[in-house]
Protein chains: 2
Amino acid sequence: MKILIIEDEIALAESITAYLSKEGYLCENITSYSEGLSKIFDYKYDCILLDLMLPGGNGLELLEAFRRENKNEGVIIISAKDRVEDKIKGLQLGADDYLSKPFHLSELSARIYSLMRRKNFENTNILQYNELQINLMSKSVLVDKKSIKITKKEYQLLLFLIGNKNRVISKGSIAEHLSGDMADMLDNHDFVYTHINNLKKKLSRAGGEDYIKSIYGMGYKWEL
Amino acid sequence: MKILIIEDEIALAESITAYLSKEGYLCENITSYSEGLSKIFDYKYDCILLDLMLPGGNGLELLEAFRRENKNEGVIIISAKDRVEDKIKGLQLGADDYLSKPFHLSELSARIYSLMRRKNFENTNILQYNELQINLMSKSVLVDKKSIKITKKEYQLLLFLIGNKNRVISKGSIAEHLSGDMADMLDNHDFVYTHINNLKKKLSRAGGEDYIKSIYGMGYKWEL
DNA sequence: TTTGCAGGATGAAAATTTTGATAATCGAAG
DNA sequence: CTTCGATTATCAAAATTTTCATCCTGCAAA
């Protein structure tokens with residue numbers, strides 16, 4: 001499941017991202033009207049979280065333009081405005097749901113979940129990078145159209161790497177992401193080595209290229 | 001680690017609770033000045049998150065009263081006010097940190113973590129219920145002063161049950177809490193049976209009473 | 001009371017995750 | 001170009017988590 005978050009409050013956007021990633025969604029963040037405009041037409045998302053008050057333009061116009069193109073991804077408006085008029089206007093323009101700030105993340109998550117249920121499940125919940133294909137709905141991974149068996153942690157790791165593609169992420173943050181537990185800092189994160197290793201092995205044994213680069217002293221990076 | 005959250009925005013309080021619980025903290029929520037006043041003197045917490053604008057009184061007064069009693073738990077102020085004066089006043093009154101809204105949860109978590117590091121680690125990070133003693137710092141469990149070996153999931157389960165003591169929690173929400181993953185709904189949650197079972201076994205084998213009651217068709221409850 | 005079933009308990013097997021030991025590699029300092 | 005210490009890779013063992021099959025129990029209908 002791929003989610004586009006259009007929200008200029010960085011803090012909020014990041015906590016949404018953190019929360020939803022932990023739930024297995026792949027999130028992308030956009031902070032302005034113009035960025036939104038381009039992204040929204042370039043890529044296919046399962047769900048778009050749209051803030052109404054954006055620098056550079058109103059969120060509703062974005063939604064309007066979007067629907068005019070017959071894009072039919074799910075759109076959830078998140079807005080500080082709680083006026084009935086706005087809500088109605090948003091829904092008229094084709095938003096699927098409206099959530100007023102402040103909301104709590106589990107609420108958002110529930111809305112997304114039920115939205116996804118309503119929508120045709122068999123959308124393009126598929127990421128494809130050359131020979132690698134990930135079905136975010138069924139949480140399965142194909143290499144050269146052949147399914148490979150991957151564990152939960154490996155899958156999480158894969159998504160985390162891909163979600164930060166071309167960016168180096170430290171062993172520590174991988175560990176944090178995978179453990180789902182309390183900040184470790186002091187703990188030892190060696191299990192990351194194993195997961196990285198196993199993931200690489202599984203992908204390459206299935207004939208995949210090796211996108212996972214290790215950057216000495218820095219961390220790992222999913223290249224291209 | 002036991003955290004008291006004094007915050008009247010329910011949505012915010014709940015998302016904080018959700019996030020911190022996942023990190024292994026035990027959270028309690030309070031929404032008003034007066035409640036805060038009583039709670040704060042009755043119990044011992046490791047950390048108090050204090051909103052400044054509360055129904056029934058100002059948070060700073062609470063903090064003042066609190067310090068007057070020589071209580072020295074860590075206090076982190078969370079406030080929508082971002083004025084320097086407020087920040088200074090808060091810190092003068094003995095707050096340990098000041099976080100302006102909106103913040104993101106990982107930031108809060110980091111602050112709590114570093115605060116705990118600064119404070120004397122060997123506080124009363126211990127919950128005691130009769131023969132059962134839980135050290136939230138070292139994440140260890142004693143029954144009749146004898147340490148028992150408990151796994152991460154079992155520990156999480158124990159804290160989740162205790163954190164909701166005398167309240168029935170469903171198998172589903174236990175599963176959600178333990179898996180740290182995406183909402184399942186459809187998945188099968190039978191592994192909860194096993195964890196409940198193992199936890200009960202470990203506790204009773206060590207001579208503990210059986211506080212975990214199973215409520216047919218409803219879930220489980222930590223009784224007293 | 002008896003019966004039938006859904007929910008729950010239990011234990012062992014299967015799968016996954018984590019740890020630990022050891023080897024390989026990198027990059028800085030000499 | 002070596003050497004050294006720190007970081008990463010690799011593999012197997014240990015520990016934990018999850019699944020699975022089977023049994024038990026509480027509840028409701030007959």
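Below, all heavy atoms of this structure are taken into account, side chains as well, without hydrogens, waters or symmetry copies. Below, read A as the first sequence line, B as the second, and so on, with proteins coming before strands; counting in each chain starts at 1.
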(message) Suppose we screen for side chain to side chain contact (heavy atoms under 4.5 Å, CB included). Which residues come up paired with Thr17(A), at least two apart in sequence or across chains?
(response) Ile5(A), Ser21(A), Cys27(A), Asn29(A)
(message) With a 4.0 Å limit, can you tell me whether Tyr193(A) has a side-chain N or O closer than that to the phosphate oxygens OP1/OP2 of dT8(D)?
(response) yes
(message) Among residues at least two apart in sequence or on other chains, which ones pass side chain to side chain donor-acceptor pair (under 3.5 Å) with Thr194(A)?
(response) none
(message) Run the side chain to side chain contact (heavy atoms under 4.5 Å, CB included) test on Ile77(A) and Leu63(A) for me, step by step, so that the C-alpha distance in whole Å, both residues' side-chain angles and the decisive distance to 0.1 Å come before the verdict.
(response) CA-CA 9 Å; Ile77(A) 292 180; Leu63(A) 177 57; 4.1 Å; yes
All N/O contacts under 3.5 Å from nucleotides 14-23 of chain D to the protein, with atom names and distances to one decimal?
from: dT17(D); atom 1: OP1; to: Lys153(B); atom 2: N; distance (Å): 3.0
from: dT17(D); atom 1: OP2; to: Thr151(B); atom 2: OG1; distance (Å): 2.5
from: dT18(D); atom 1: OP2; to: His195(B); atom 2: NE2; distance (Å): 3.3
from: dT19(D); atom 1: O4; to: Thr194(B); atom 2: OG1; distance (Å): 3.3

(message) Taking side chain to side chain contact (heavy atoms under 4.5 Å, CB included) as the definition, give me every residue that meets it alongside Ser140(A), ordered by chain and number, with sequence neighbours left out.
(response) Asn135(A), Ser138(A)
(request) Figure out the NZ/P separation between Lys171(A) and dT7(D), and round it to whole Å. (result) 8 Å
(request) Determine: side-chain N/O of Lys201(A) to OP1/OP2 of dC11(D), distance under 4.0 Å, yes or no. (result) yes
(message) So does Glu223(B) get a backbone contact from the side chain of Asn166(B), meaning a donor-acceptor N/O pair under 3.5 Å?
(response) no
(request) Please name all residues satisfying side chain to side chain donor-acceptor pair (under 3.5 Å) with Ser15(A), sequence neighbours left out, ordered by chain then number. (result) none
Contacts under 3.5 angstrom, residues 203-211 of chain B side chains, donor-acceptor by atom type, not counting sequence neighbours:
from: Ser204(B); atom 1: OG; to: Lys200(B); atom 2: O; distance (Å): 3.3
from: Ser204(B); atom 1: OG; to: Lys201(B); atom 2: O; distance (Å): 3.3
from: Asp210(B); atom 1: OD1; to: Ile212(B); atom 2: N; distance (Å): 3.3
from: Tyr211(B); atom 1: OH; to: Asn130(B); atom 2: ND2; distance (Å): 3.1
from: Tyr211(B); atom 1: OH; to: Glu131(B); atom 2: OE1; distance (Å): 3.2
from: Tyr211(B); atom 1: OH; to: Glu131(B); atom 2: OE2; distance (Å): 3.2

(message) Below 4.0 angstrom, which residues in residues 205-224 of chain A have at least one non-hydrogen atom near DNA chain D?
(response) Ser214(A), Ile215(A), Tyr216(A), Gly217(A), Met218(A), Tyr220(A)
(message) Expressed as a whole number of angstroms, how long is the span from His189(A):NE2 to dA9(D):P?
(response) 16 Å
Is there any protein nitrogen or oxygen under 3.5 Å from a nitrogen or oxygen in nucleotides 2-4 of chain D, and what are the pairs?
none

(request) Just jot down the side chain to side chain donor-acceptor pair (under 3.5 Å) partners of Glu9(A), sequence neighbours excluded, or say none. (result) Lys101(A)
(message) Restricting to side chain to side chain contact (heavy atoms under 4.5 Å, CB included), what partner residues turn up for Leu142(B), sequence neighbours left out?
(response) Gln133(B), Ser147(B)
(message) When you measure from the side chain of Asp51(B) to the backbone of Ile6(B), do you find a donor-acceptor pair of N or O atoms at a distance under 3.5 Å?
(response) no
(message) If you compare all heavy atoms of Phe160(A) against all heavy atoms of Ile174(A), which two are closest, and at what distance to 0.1 Å?
(response) CE2-CA, 3.8 Å
(request) Would you tell me if any nitrogen or oxygen in the side chain of Asn197(A) comes within less than 4.0 Å of OP1 or OP2 on dT10(D)? (result) yes
(request) Mark yes or no for whether Glu14(A), through its side chain, and Ile10(A), through its backbone, hold a donor-acceptor pair below 3.5 Å. (result) no
(message) Test of understanding: with side chain to side chain contact (heavy atoms under 4.5 Å, CB included), list the residues that count as partners of Thr151(B), not counting sequence neighbours.
(response) Lys153(B), Glu154(B), Lys202(B)
(message) To the nearest 10°, give me the bend of the helix from dT1(C)-dA30(D) to dG30(C)-dC1(D), comparing the axes of its five terminal pairs at either end.
(response) 30°
